[in-house]
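As the structure lists them, so they are numbered: ligands from 1, and atoms in each ligand from 1. FYI, side chains are in, hydrogens and waters are out, and symmetry mates aren't considered; it's all heavy atoms of this structure. Counting begins at 1 with the first residue of the sequence.
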Amino acid sequence: MATKILDFIDGQWTDAKASDLLDVVNPAKGAAMAEVVMTPQAVVAQAVEAGHAAYREWRQVPVTDRVQYLFRLKMLMEEHLDEIARIITNECGKTYGESAAEMRRGIENIETAIGAPILMQGYNNEDIARGIDEHMFRQPLGVTAAITPFNFPGMIPLWFLPYAVVTGNAFILKPSEKVPMTSAKLFELIEQAGFPKGVIQLVNGSKETVDALLDHPLVRAVSFVGSTPVARYIYSRATANGKRAQCQGGAKNPVIIMPDADMDTATKIMADSAFGCAGQRCLAASVAITVGSARNIFTEQIADAAVSRKVGYGLDDGVQMGPVITPESKTRIEGIIANSQQQGINVLVDGRNQLVSGYDDGYWVFPTILEGVPPQSDVAKTEIFGPVLSLMYAETIDDAIELVNDRSYGNMACIFTSSGSAARKFRNEADAGNVGVNIGVAAPMAFYPFSGWNESFFGDLHGQGRHGVEFYTQTKVVIERWPKEWSRQF
Ligand code: NAD
């Protein structure tokens, strides 16, 4: 019988007895490894109520004690990093190196949240009027929830979980139903770290489970990461129900290559950005805009890098890129390439119809390069979420920045140049919240906000760092008067 991935509710591994079960598939092998429950609304309600009861106790635990649980969780995650990385590779497809690197970024968020005794501090003034003092405290909200995508099953839940619990909230994770095994392992470690029951809970499922969280009145805040249409939906429904929401959406990330860039470095970094994680990264470079004479040399070098990338099962030696997540994803990406070709775009490197020896049932799309993509074409605007890089051309940096800003998303934009003034101009004018200068994946460290803009983000406070602490706390302002004459005389 297939392993069943369960929920973790009120300190117990719980079988939601759902009528719906989904297979969890290794995308390199096309083979099912487990099945996951689709938690129904009534069971989600039990989790929320257990979370609320736990929160009432947990918020009274001093923050200096709450951080001790995170110290323990960090140590457990360090000890189990190899095991978790293998699980990520098996259910998500990325290479072992990419999985281990993702876990490092996740653990970094636990380390940052451990700074809560300082991060949660308020501020105050004595004598705002004679004998009257004013203070601002940060207090937790109650039950909080996060809904996360398939592409970083280890890291993205940790963009939220540590900040939510360290500030005194209860937290419920609804991971992607495509990759629930990583969360199941994470929750084994959460159980070992000894968090009080109900403080951190796991409910598996998809839309019905999410809607139950969005509609439950005791859920006070919702964090989401995923595609833009779902981000918009979740933001609307959560806020209509009076909840705080921060919803990170999709992306289409442009990168400018100036003629004065160090071309070898730029090409290597661009290949890693566009084809790393099989392009299934919200910070993947998706459009390369060469300026002037950068065009010929960059085109030649990036094509070489694309064809020489070793694609395969991420636990095999030397593999640099894994499969895409599902057969539907493969069909969708190949369809976008075919449509582009029909619209007259040259497929300079074609990653369709490729096989990996020994893995005939894997969902393979090899690195692909589309040459001379018109700015108004469908492919120039569409998030592909696969290993496909589009090449565009500009004559000046101003034209290139105009192309960068001519899109609805705003997750990331980068430039490769050796000119300080070009870099500075770009930094100032790029219409994106995460900007890289001679960087291919401008992923903010845990102590900076993950700053998507435009259609890549709905909300105001982003995930991670100080924003995370602010999102999960509400400010309380206290104004106090204590006249001397009211005090008992001793
Ligand atoms: P997705 O939007 O399909 O799913 C994300 C989550 O939402 C999953 O947990 C899923 O179960 C749930 N969900 C899906 N449809 C739903 C619906 N109709 N109602 C309620 N819940 C629903 O995204 P995905 O395919 O898992 O992940 C890829 C997407 O995530 C890409 O668009 C990528 O750019 C984006 N992403 C963004 C960031 C960021 O920081 N901005 C980071 C990683 C991924």
Side-chain angles (χ1 to χ4, degrees), residues 20 22 24 27 36-39 41 44 91-94 102 105-106 109 145-160 172-180 182-183 202-215 222-238 245-253 276-286 324-326 328-330 332-333 382-386 407-412 432-434 441-444 446 448-459 462-464 467-468:
D20 286 353
L22 271 191
V24 184
V36 61
V37 295
M38 301 287 102
T39 309
Q41 186 262 343
V44 173
E91 68 176 357
C92 182
K94 60 181 68 169
E102 137 167 27
R105 301 305 298 264
N109 277 280
I147 297 135
T148 52
F150 80 81
N151 65 329
F152 283 92
M155 174 182 75
I156 292 183
L158 296 172
W159 283 355
F160 309 110
I172 301 177
L173 175 66
K174 203 302 286 172
S176 165
E177 64 279 24
K178 297 182 182 116
V179 291
T182 308
S183 298
L202 173 68
V203 293
N204 287 288
S206 56
K207 183 169 168 48
E208 183 190 347
T209 314
V210 172
D211 287 347
L213 289 167
L214 298 179
D215 292 344
V222 175
S223 304
F224 170 83
V225 182
S227 57
T228 289
V230 183
R232 187 184 281 110
Y233 163 74
I234 288 184
Y235 187 75
S236 309
R237 190 150 169 172
Q246 48 176 195
C247 298
Q248 301 181 207
K252 181 84 188 174
N253 302 310
C277 299
Q280 300 172 120
R281 215 165 16 190
C282 68
L283 296 179
S286 179
V324 297
I325 189 72
T326 55
E328 295 76 29
S329 204
K330 173 176 158 71
R332 186 183 53 77
I333 295 163
T382 308
E383 179 179 39
I384 303 175
F385 223 56
R407 67 198 63 246
S408 56
Y409 296 106
N411 219 30
M412 181 187 86
N434 300 301
V441 178
Y448 285 87
F450 195 103
S451 255
W453 282 6
N454 307 334
E455 299 265 291
S456 298
F457 182 70
F458 301 86
H462 294 83
Q464 298 198 142
H467 275 218

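In terms of protein heavy atoms, atom 42 (C) of ligand 1 is closest to Cys282 SG, 3.0 Å. Protein heavy atom at the shortest distance from atom 8 (C) of ligand 1 is Thr148 O, 3.3 Å. With respect to atom 28 (C) of ligand 1, the closest heavy atom belonging to the protein is Phe385 CE2, 3.5 Å. If you check which protein heavy atom lies closest to atom 35 (C) of ligand 1, you get Gly226 O, 3.1 Å. The nearest heavy-atom contact from the protein to atom 13 (N) of ligand 1 is Val230 CG1, 3.9 Å. For atom 18 (N) of ligand 1, the nearest non-hydrogen atom of the protein is Lys207 CD, 3.7 Å. What sits closest to atom 3 (O) of ligand 1 on the protein, heavy atoms only, is Ser227 OG, 4.1 Å. Taking atom 27 (O) of ligand 1 as the reference point, the nearest protein heavy-atom neighbour is Pro149 CB, 3.3 Å.
Between the side chain of Glu102 and the main chain of Gly154, a donor-acceptor pair closer than 3.5 Å is present. At least one donor-acceptor pair under 3.5 Å links the side chain of Lys174 to the backbone N or O of Gly205. The closest donor-acceptor contact from the side chain of Glu91 to the backbone of Thr182 lies under 3.5 Å. Side-chain atoms of Glu383 come within 3.5 Å of backbone atoms of Ala251 as a donor-acceptor pair (strictly under, hydrogens ignored). Of the possible donor and acceptor atoms, one in the side chain of Arg332 sits under 3.5 Å from a partner among the backbone N and O of Ile384.
Using a 4.0 Å cut-off between heavy atoms, Trp159 contacts ligand 1 through its side chain alone, with no backbone atom that close. Contact annotation: for Ile156 versus ligand 1, heavy atoms closer than 4.0 Å belong to the side chain alone. For Glu177, every heavy-atom contact with ligand 1 shorter than 4.0 Å involves the side chain, none the backbone. Within the 4.0 Å heavy-atom criterion, both parts of Val225, backbone and side chain, lie near ligand 1. At a heavy-atom distance under 4.0 Å, only side-chain atoms of Asn151, from C-beta outward, approach ligand 1. Proximity of Arg281 to ligand 1, defined as any heavy-atom pair under 4.0 Å, is not found for any part of the residue.
If you number the atoms of ligand 1 from 1 as listed, the ones under 4.0 Å from a heavy atom of Gly250 come out as 32 (O), 34 (O). Set against the non-hydrogen atoms of Val210, the atoms of ligand 1 under 4.0 Å away are 20 (C), 21 (N). Near Asn411, the atoms of ligand 1 lying under 4.0 angstrom from a non-hydrogen atom of the residue are 41 (N). Near Lys174, with a cut-off below 4.0 Å to any heavy atom, the atoms of ligand 1 are 8 (C), 9 (O), 10 (C), 11 (O). Listed by atom number, the atoms of ligand 1 under 4.0 Å from Tyr233 heavy atoms are 19 (N), 20 (C). Interface of Ile147 with ligand 1, defined as ligand atoms under 4.0 Å from a residue heavy atom, comprises 6 (C), 7 (O), 9 (O).
Considering backbone and side-chain atoms alike, Gln248 places an N or O below 3.5 Å from some N or O of ligand 1. Backbone and side-chain nitrogen or oxygen atoms of Phe150 are examined, and one is located within less than 3.5 angstrom of a nitrogen or oxygen of ligand 1. Residue Gly249 has at least one N or O atom closer than 3.5 Å to an N or O atom of ligand 1.
A pairwise comparison of heavy atoms in Gly226 and Phe224 identifies N-CE2, 3.2 Å as the closest pair. Annotation for Tyr409 and Asn454: closest pair O-ND2, 3.6 Å, computed over non-hydrogen atoms. Minimum heavy-atom separation, Gln464 to Pro444: NE2-O, 3.4 Å. Annotation for Val203 and Thr39: closest pair C-OG1, 4.1 Å, computed over non-hydrogen atoms.
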*Are Asn411 and Asn434 close enough, and set up right, to give a side-chain contact (heavy atoms from CB on, under 4.5 Å), and what steps lead you there?*
CA-CA 6 Å; Asn411 219 30; Asn434 300 301; 4.2 Å; yes
*Kindly determine whether Asn151 and Cys277 satisfy side-chain contact (heavy atoms from CB on, under 4.5 Å), including the steps that lead there.*
CA-CA 8 Å; Asn151 65 329; Cys277 299; over 6 Å; no
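Ligand 1 is approached by Phe224 to a heavy-atom distance shorter than 4.0 Å. Within the 4.0 Å heavy-atom cutoff, Ser176 counts among the residues contacting ligand 1.
Atoms CG and CZ, from Asp215 and Arg237 in turn, are 4.0 Å apart once rounded to the nearest 0.5 Å. Considering CG of Asn204 and OG1 of Thr209, their distance stands at 8.0 Å, rounded to 0.5 Å.
Using bins of under 30°, 30° to 60° and over 60° for the plane-to-plane angle, the ring pair Tyr235/Phe458 lands in the tilted bin.
With respect to Arg407 and Glu455, no salt bridge is recorded, no charged nitrogen being found less than 4.0 Å from a carboxylate O.
For atom 15 (N) of ligand 1, a protein non-hydrogen atom is found at a distance below 4.0 Å.
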